[in-house]
Structures are given as C-alpha cells and as structure tokens.
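Okay, so here's the structure we're looking at.
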Amino acid sequence: MTPLHEWTPTPEKAIALQRELAPRIEREDRLAPVRHIAGVDIGFEQSGEITRAAVVVLAWPGDPRVGFEVVEQVVHREPTRMPYLPGLLSFREIPAALAAFDQLATRPELVMVDGQGIAHPRRLGVASHLGLWLDLPTIGVAKSRLCGVHDEVPEARGEWTPLRHRGETIGAVLRSRVGVKPVFVSLGHRISLATSLDWVVQCLGRTKLPEPTRLADRLASRRGPMPRPAD
DNA sequence: GCGACAG
DNA sequence: ATCTTGTCGC
C-alpha cells in the first residue's frame, strides 16, 4: 500500500509523494453534519528542537455571546524531525499533528488547519495532506501566501478575491478583519472553496483568524488565554 | 540566472 | 516558526 506519509523523507522523495497524493484530493463537498470543528496548529519551543502540536475541538453551533464552547483540547510535544522547507511543511508538522489527533476522544466532522490547502505549488499543502491522512474534510487558513497571485482585497470584512496559480483558482484571499492583512483560505480535502469560505467566515470572531485556528495557535505557542472584554 | 518562499 | 520592548487603542 502507498504510504500517505513518511516520517522523514528526503526532499526529492517528499516531492514525489506529493505528486502522487495530490490527485486524491477531493475538491467537492463530502461532509457529515457538522457538530464539532477542530483547529490545528504547530508551534516550536526555544531553539526549535521541540515541536508542539495543538488540537482544539469546538462545539457547533456555539453560543455567539460567549464564543464557541471548547469541547476538548490536546497538546503533543515531540522532538522536531525536519527543518522548514517551503513547500514541504507538511512533512515537518504532520507527525506531531497526528499524534495529537490520536489523543482525541472526539472525532470532528470538519478540521481547520493553520497553513495552505491546495494553494500549494503541487496542490498538496499541509491542510490537504492532513485531510487525506485523517480522511476528514479540511480547510487551510494561512496567514500569508505561499504561491499564486491576486488583486487587491476589498476593505470590507468578509470580502475576498480569488488566488490564482498557473491559470487555476487555488484559493481565496479573505478580509477577515477590517484594517488587517487578509488570510489565505483554500480547500484542504472533501470540501469546496465556496463552502470553505462559508465556514471560515462563520467561525470568525472579532479577530483575524477564525476561532478554531486562533485557539489552536494560542495553545501551540503556549500563550495563555486572552482576557475577554467585560460585558 | 534571479528572486520568492505556508510555518 | 521563534526572539523580543515598547507603543497605540478600546
């Protein structure tokens, strides 16, 4: 059987594996009714020797007055296996992410990942790779661009413009918050771009990042909870 | 050949 | 990603 993932392949093997896996990505909706949404992010400690994977599971729908309910959260630490190489991020982050998912009691119906989905040179960013491995619908929400070109993004919250690469629309550049740099949304697996955008916007608080990714980001980088503004 | 380059 | 002080604004 073809491995969906190798622990520490050479860059050449990693690229070959990406080319083999990319055609397996499903770009249309195949989701179960969503009751839980997971957010995933990876952080590093001190000199980068230790990798920290964080997964946060939120109940859907949530109470808009208090934000989404955190059903479960897991942090997994392990030695870092690979350096960061543009385009090969998933091989560095996925092993830790999978270990964190293994500790989860809940099986989410939708996963948001900090990073690109198919908005990748070979259409297999970390969100797509993880979606294949987990066989779950995933969405990539990145804070910056890996590849592709786009027009200026309208200033209004919720507005977006297509991200294109080699004549293909690979994602969307979304104004998640007024006056802040936009986020890069792309489908990861088993979901369309339109539906991905819909979920990201629905999970938006007053911050740049949607709640699932924002909370996972905080956990992964060991920043404590932010004080909530008084009512 | 010269830049660009998720986290 | 991480390191790292102050500063601006609600």
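Note that the structure is predicted; figures quoted are calculated from it, not measured. All chains are named by letter (A, B, ...) in the order of the sequence lines, taking the proteins before the strands, and each is independently numbered beginning at 1. Atom set for the values below is all heavy atoms of this structure, side chains included, hydrogens, waters and symmetry mates excluded.
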Open item on the list: If the cut-off is 4.0 Å, is Gln46(A) near the phosphate of dC3(C), judged by side-chain N/O to OP1 or OP2?
Closed with: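 Yes, within the criterion.
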
Report which part of the nucleic acid [X] touches: base, sugar-phosphate, or nothing (heavy-atom distance under 4.0 Å, all strands).
X: Gly140(A); result: nothing
X: Tyr84(A); result: base
X: Gly43(A); result: sugar-phosphate
X: Glu45(A); result: nothing
X: Ile42(A); result: sugar-phosphate
X: Leu88(A); result: base

Return yes if a side-chain donor-acceptor contact under 3.5 Å exists between [X] and [Y], otherwise no.
X: Arg81(A); Y: Thr8(A); result: no
X: Asp114(A); Y: Thr213(A); result: no
X: Thr106(A); Y: Glu72(A); result: yes

Open item on the list: I want to check something: taking the side chain as every heavy atom from C-beta on, are Phe91(A) and Leu17(A) in contact at a cut-off of under 4.5 Å?
Closed with: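 Phe91(A) reaches Leu17(A) side chain to side chain.
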
Task: side chain to side chain contact (heavy atoms under 4.5 Å, CB included) involving Leu89(A) - partner list, sequence neighbours excluded - done: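 Here the qualifying residues are Tyr84(A), Glu93(A), Val126(A).
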
Open item on the list: Salt bridge check, Glu168(A) against Arg123(A): does any charged N sit closer than 4.0 Å to a carboxylate O?
Closed with: yes

- [ ] Indicate yes or no for a side-chain donor-acceptor contact from Thr138(A) to the backbone of Ala127(A) under 3.5 Å, with no hydrogens or angles considered.
- [x] yes

Open item on the list: Given the ring of Phe101(A), does Arg107(A) sit roughly above its face, with NZ or CZ under 6.0 Å from the centre of the six-membered ring and within 45° of the axis?
Closed with: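 No.
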
Task: Bracket string, DNA chain B, 5' to 3' - pairs by Watson-Crick or G-U geometry under 3.5 Å, | interstrand - done: .......

Open item on the list: Please identify the 5'-most and 3'-most nucleotides of DNA chain B with any atom under 4.0 angstrom from a heavy atom of chain A.
Closed with: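 That gives a stretch of dA4(B) to dG7(B).
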
